[in-house]
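Okay, structure first, notes after.
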Amino acid sequence: MAMQRIGIPRGLMLYRDGILWKNFFENMGYQCIVSEKSDRRILEEGVQLAIDETCLPFKIYLGHVKELIGKCDAVFVPRMGGYENREKMCTRYQSLPDLVENIFRGSSVKILTVSYDWYDHTKEEKVYMELGLSLGKTKKEIKRSYNQAKKEQENWFRSREKSQGRILEEKGTKILLAGHPYVLHDAYMGCGISDILKNMGHKVLYTDYVDRESALKRSYHFSKGMPWIVNREMTGAIMLLKDKVDGIVLVSAYPCGPDALVNDMLMRKIKGLPVLQLTLDAQEGMAGIETRIESFTDIIQYQKAGGYGN
């Protein structure tokens, strides 16, 4: 039976490149099935499949992969090493297809993948051309599908960037959520934090809705040796926005090694601006986090009123 349905787990770099992935496959005539939004059940499914030391986002990702088994003919799991020598991904991304294939060995799942390798200076269009050819498509079909999908991805990002620019011009307390896209926008992780802030009447901004090229360039003023591209984009965005916001919330998922180092550096280097560090784990509920956010925003309001200047 020919492949017809391709599954995309709603986790990890879907929150960065998901529009590209989905449109690329659909433009070539496949049906794309994206797993449902994260919840406690999906997390628990992933927890059963992962070792204890695995980070929370990866546990959730495994739960999403399991959700897709039986609903599609193949699951798309990209291998992302990075793009440049000084802009690499976490090692888990470099081995992601192998990890997923090993964890789900014995199941009926088929893995589709592409590979971005910084040491080969891989171009994005090239890896999608190779993927399309492996699916039996012509070069013309693949190029058209990729170009259309890339345009949709860029339009989506620019719309978020413009919307954020308008928020910066509005009145009110502005809070910057800083973290990995798959933490900030996951329904079980960062979305709860943004909902709390919005319900309190604050304006919420995100580090991943800042022009990536500008953020990467600015990140080298913060650190020349940091090797992780997502953390580079995050720190560069913070540097670009820190004078335009009233506070920053650093959102991390336990136990992320790169975040543990980078967030500590940020806490030490950012002066004159309230910064709250939140580390999310597999515990249930947002009550404790909500209390910390309330205290944090009280500090911001007190500082805006000149409380610390007296």
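Keep in mind that what you see is a predicted model, and the values were worked out from it rather than measured. The basis for the numbers below is simple: all heavy atoms, side chains too, and nothing from hydrogens, waters or symmetry mates.
Among residues two or more places apart in sequence or in another chain, the side chain to side chain contact (heavy atoms under 4.5 Å, CB included) test is passed with E294 by M200, E290. Every ring-ring contact (aromatic ring centres under 6.0 Å, His included) that Y206 has, sequence neighbours left out, goes to H185, Y209. Scored by the salt bridge (charged side-chain N to carboxylate O under 4.0 Å, His left out) test, E141 finds no partners at all (sequence neighbours excluded). F76 pairs by the ring-ring contact (aromatic ring centres under 6.0 Å, His included) definition with W21, F25, not counting sequence neighbours. When the ring-ring contact (aromatic ring centres under 6.0 Å, His included) test is applied to Y15, no partner is found at least two apart in sequence or on another chain. In this structure S219 satisfies the side chain to side chain contact (heavy atoms under 4.5 Å, CB included) test together with R232, T235, sequence neighbours excluded. Under the rule for a side-chain hydrogen bond (donor to acceptor under 3.5 Å, both in side chains), the partners of R79 that lie at least two apart in sequence or sit in another chain are D98. K304 meets the salt bridge (charged side-chain N to carboxylate O under 4.0 Å, His left out) test with D246; sequence neighbours excluded.
Residues L280 and I289 form a side-chain contact, since some pair of their non-hydrogen atoms from C-beta on lies under 4.5 Å apart. M89 has its side chain within reach of I229: a pair of non-hydrogen atoms, C-beta onward, lies under 4.5 Å apart. Contact check for R16 versus H180: no side-chain heavy atoms found under the 4.5 Å cut-off. Between Q4 and Y30 there is no side-chain heavy-atom pair separated by less than 4.5 Å. Between L168 and L241, some side-chain heavy-atom pair lies under the 4.5 Å cut-off. Under the 4.5 Å side-chain criterion, counting only non-hydrogen atoms from C-beta, L205 is in contact with K174. For the pair Q94 and M80, the minimum side-chain heavy-atom distance is 4.5 Å or more. Counting heavy atoms from C-beta outward, N231 and M234 have side chains that approach closer than 4.5 Å.
Residue pairs satisfying the salt bridge (Lys or Arg N to Asp or Glu O under 4.0 Å) criterion with at least one member in residues 147-165, sequence neighbours excluded, are listed as follows: E124-K150, R158-E161, R158-D211. Every pair passing salt bridge (Lys or Arg N to Asp or Glu O under 4.0 Å) that includes a residue from residues 49-69 is listed here, sequence neighbours excluded: R41-E67, E45-K66, E67-K71. The salt bridge (Lys or Arg N to Asp or Glu O under 4.0 Å) analysis of residues 180-209, with sequence neighbours excluded, yields the pairs E170-K203.
With rounding to the nearest 0.5 Å, the separation of NE2 in H202 from CZ in F296 is 9.5 Å. Interatomic distance, S38 OG to M189 CE, rounded to the nearest 0.5 Å: 6.0 Å.
With no hydrogens or angles considered, a side-chain donor-acceptor pair links S252 and D259 at under 3.5 Å.
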Under 3.5 Å donor-acceptor pairs involving side-chain atoms of residues 267-277, not counting sequence neighbours:
{"unit_1": "R268", "atom_1": "NE", "unit_2": "D264", "atom_2": "OD2", "d": "2.9"}
{"unit_1": "K269", "atom_1": "NZ", "unit_2": "F222", "atom_2": "O", "d": "3.1"}
{"unit_1": "K271", "atom_1": "NZ", "unit_2": "R268", "atom_2": "O", "d": "2.8"}

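In this structure, R92 satisfies the cation-pi test against F58, with its NZ or CZ atom closer than 6.0 Å to the six-membered ring centre and inside 45 degrees of the ring normal. For the pair R10 and Y61, the NZ or CZ position fails the cation-pi test of under 6.0 Å to the six-membered ring centre and within 45 degrees of the ring normal.
L131 is connected to M3 through a chain of hydrophobic side-chain contacts under 4.5 Å among Ile, Leu, Val, Met, Phe, Trp and Tyr, so both are in one cluster.
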